[in-house]
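Remarks on the structure that follows.
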Amino acid sequence: MAMKQVDLSLSESGPDRVLAAEILRAAREAERCTLGLESFGILKAYGIPAVRTAFTKTEEEAFGVAEEIGYPLVMKVVSPQISHKSDVGGIRLSLENGDEVRAAYRDMMENIPEKRPDAVLEGVQLQQMLSGGKEVIIGMVQDPTFGPMLMFGLGGVYVEILKDVQFAIAPVDEEEARGMVTGIKTYPLLAGARGEKPSDIDALIDAILRVSRLVCDFPEIEEFEINPMMVLEEGTGACAVDMRLKLKKN
């Protein structure tokens with residue numbers, strides 16, 4: 001069975017710039033400016049934890065990978081033309097067994113082309129489904145004056161609704177990264193409001209520092225976004241669930 005399995009174990013020896021550079025070089029050679037699943041290897045190269053993820057091109061591959069990863073799972077359609085997957089029915093949550101995986105795959109392949117006939121469906125992405133935790137976003141855009149501008153806030157739909165984010169010019173140090181996290185208005189939700197256990201703030205700070213180093217090492221990255229990153233309870237870490245990377249066209 002042919003499939004692409006992405007090993008997302010942490011690197012203990014610091015950033016692997018060679019691995020990251022190879023991924024970006026391959027994207028440029030393929031004339032791809034926007035990367036999704038394939039750029040998860042960049043997270044590994046920079047020691048940013050992410051959920052176990054696999055890319056499959058057929059229903060049979062999806063079934064086999066699902067059995068290997070285990071349940072519950074999330075399925076997401078993979079298409080360069082589709083950035084907002086939920087708008088076209090391109091996300092399925094809480095898949096509990098192989099029959100549900102098969103049904104979800106067939107439904108996507110049959111129904112999405114009716115909504116987006118221009119989209120090329122390359123396959124689906126399967127991921128472990130995490131329980132608990134809070135969604136945050138870590139992003140970067142290239143500012144024409146200041147260079148790489150980092151951004152942090154609550155993730156998922158909250159970043160669009162609340163627009164509660166903090167910015168900082170990369171590179172940042174630990175104090176600046178902590179200020180980004182504690183500076184959002186909704187920080188009490190992460191700190192443990194109303195008796196909830198606090199989130200792993202140190203893991204978020206570490207992730208911001210690693211993203212800062214990544215975007216400074218590779219100025220050809222025009223945009224970068226981890227959304228969502230699931231931050232778990234204090235002492236248990238944070239984990240990237242989805243990401244997008246855009247390269248400069250020149």
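What you see below is based on every heavy atom in this structure, not just the backbone, and it leaves out hydrogens, waters and symmetry mates.
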>> With salt bridge (Lys or Arg N to Asp or Glu O under 4.0 Å) as the criterion, how do Glu196 and Lys134 come out once you've worked through the C-alpha distance, each side chain's angles and the decisive distance to 0.1 Å?
In response: CA-CA 12 Å; Glu196 287 189 355; Lys134 294 181 174 62; 3.0 Å; yes
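- Counting heavy atoms from C-beta on, the side chains of Glu233 and Pro198 never come closer than 4.5 Å.
- Rounded to the nearest 0.5 Å, atoms CG (Leu247) and CZ (Arg28) are 6.5 Å apart.
- Under the 4.0 Å criterion applied to side-chain N and carboxylate O atoms, Glu234 and Lys197 are not assigned as salt-bridge partners.
- Judged by distance alone, with hydrogens and angles left aside, the side-chain atoms of Asp200 form no donor-acceptor pair with the main-chain N or O of Ala238 at under 3.5 Å.
- Formation of a donor-acceptor pair under 3.5 Å by the Gln128 side chain with backbone atoms of Arg52 is found in this model.
- Taking every heavy atom of both residues into account, Phe152 and Leu204 meet most closely at CZ-CD1, 3.9 Å.
- Using a 4.0 Å cut-off between charged side-chain N and carboxylate O, Arg25 and Glu22 make a salt bridge.
- Looking at heavy atoms from C-beta onward, Glu174 lies in side-chain contact with Arg178 at the 4.5 angstrom threshold.
- Contact annotation: the side chain of Met229 never approaches that of Val241 to less than 4.5 Å [non-hydrogen atoms, C-beta and beyond].
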> Can Leu190 and Val136 be said to form a side-chain contact (heavy atoms from CB on, under 4.5 Å), step by step?
Replying inline: CA-CA 10 Å; Leu190 298 176; Val136 300; 4.1 Å; yes
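- One N or O on the side chain of Tyr71 and one on the backbone of Gly98 form a donor-acceptor pair closer than 3.5 Å.
- Contact record, Leu126 with Ala62: CD1-O, 3.3 Å, taken as the closest heavy-atom pair.
- Taking NE2 of His84 as the reference point, atom CZ of Arg116 lies at 10.0 Å (rounded to 0.5 Å).
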> Given the rule in the side-chain contact (heavy atoms from CB on, under 4.5 Å) test, do Ile138 and Ile48 qualify, once you have shown the distances and angles that lead to the verdict?
Replying inline: CA-CA 12 Å; Ile138 300 174; Ile48 301 169; over 6 Å; no
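- With contacts defined as side-chain heavy-atom distances shorter than 4.5 Å, the pair Asp202/Ile205 qualifies.
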>> Between Glu220 and Lys248, is the salt bridge (Lys or Arg N to Asp or Glu O under 4.0 Å) condition met? List the steps.
In response: CA-CA 6 Å; Glu220 63 265 42; Lys248 296 177 180 177; over 6 Å; no
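- For Glu29, the CD atom counts as densely surrounded, since its 6.0 Å shell holds more than 12 non-hydrogen atoms of other residues, nucleotides or ligands.
- The hydrophobic cluster containing Ile91 also includes Val74, Leu93, Met129, under a criterion of side-chain heavy atoms closer than 4.5 Å among ILVMFWY residues, counted directly or through chains of members.
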> Would Ile169 and Leu150 satisfy side-chain contact (heavy atoms from CB on, under 4.5 Å), going step by step from the backbone distance to the final call?
Replying inline: CA-CA 6 Å; Ile169 301 169; Leu150 298 173; over 6 Å; no
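- With hydrogens and angles ignored, the 3.5 Å screen pairs no side-chain donor or acceptor of Thr186 with any backbone N or O of Leu189.
- Under a 3.5 Å cut-off, the side chain of Gln142 and the backbone N or O of Ile221 do form a donor-acceptor pair.
- In terms of heavy atoms, Val78 sits closest to Val124 at CG2-C, 3.8 Å.
- Scanning both residues, Leu35 and Ile23, for their nearest heavy atoms gives CD2-CG2, 4.2 Å.
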>> Ile137 vs Met151, test: side-chain contact (heavy atoms from CB on, under 4.5 Å). Steps then yes/no.
In response: CA-CA 8 Å; Ile137 179 173; Met151 180 264 286; 3.8 Å; yes
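- Taking CG from Leu73 and CD from Glu67, the interatomic distance works out to 9.0 Å, rounded to the nearest 0.5 Å.
- Remark: Arg102 CZ to Glu60 CD distance equals 4.0 Å, nearest 0.5 Å.
- Within the 4.5 Å cutoff, side-chain heavy atoms of Leu24 are placed close to those of Ile42.
- Classification of Lys57 and Glu122 as a salt-bridged pair fails, no side-chain N sitting under 4.0 Å from a carboxylate O.
- Between the side chain of Gln81 and the backbone N or O of Val120 there is at least one donor-acceptor pair closer than 3.5 Å.
- By the 6.0 Å and 45° rule, Arg210 does not stack over the aromatic ring of Tyr46.
- Ion pairing between a basic and an acidic side chain is recognised when a charged N comes within 4.0 Å of a carboxylate O; Lys76 and Asp242 show such pairing.
- No salt bridge links Asp16 with Lys44; every basic N to acidic carboxylate O contact stays at or beyond 4.0 Å.
- Side-chain contact between Ile201 and Val231 is absent, with no heavy atoms from C-beta onward closer than 4.5 Å.
- Of all non-hydrogen atoms in Ser212 and Pro171, the two that sit nearest each other are OG-CA, 3.2 Å.
- Rounding to the nearest 0.5 Å gives a distance of 14.0 Å between CG of Leu95 and OH of Tyr105.
- In this structure, NZ in Lys246 is found 15.5 Å from CZ in Phe224, a value given to the nearest 0.5 Å.
- In this structure, Asp217 pairs ionically with Arg17, as a charged nitrogen and a carboxylate oxygen lie closer than 4.0 Å.
- In this structure, the side chains of Glu222 and Met140 stay at 4.5 Å or more apart for every pair of heavy atoms.
- Listed here is the closest heavy atom pair of Gly183 and Gln166: O-NE2, 3.3 Å.
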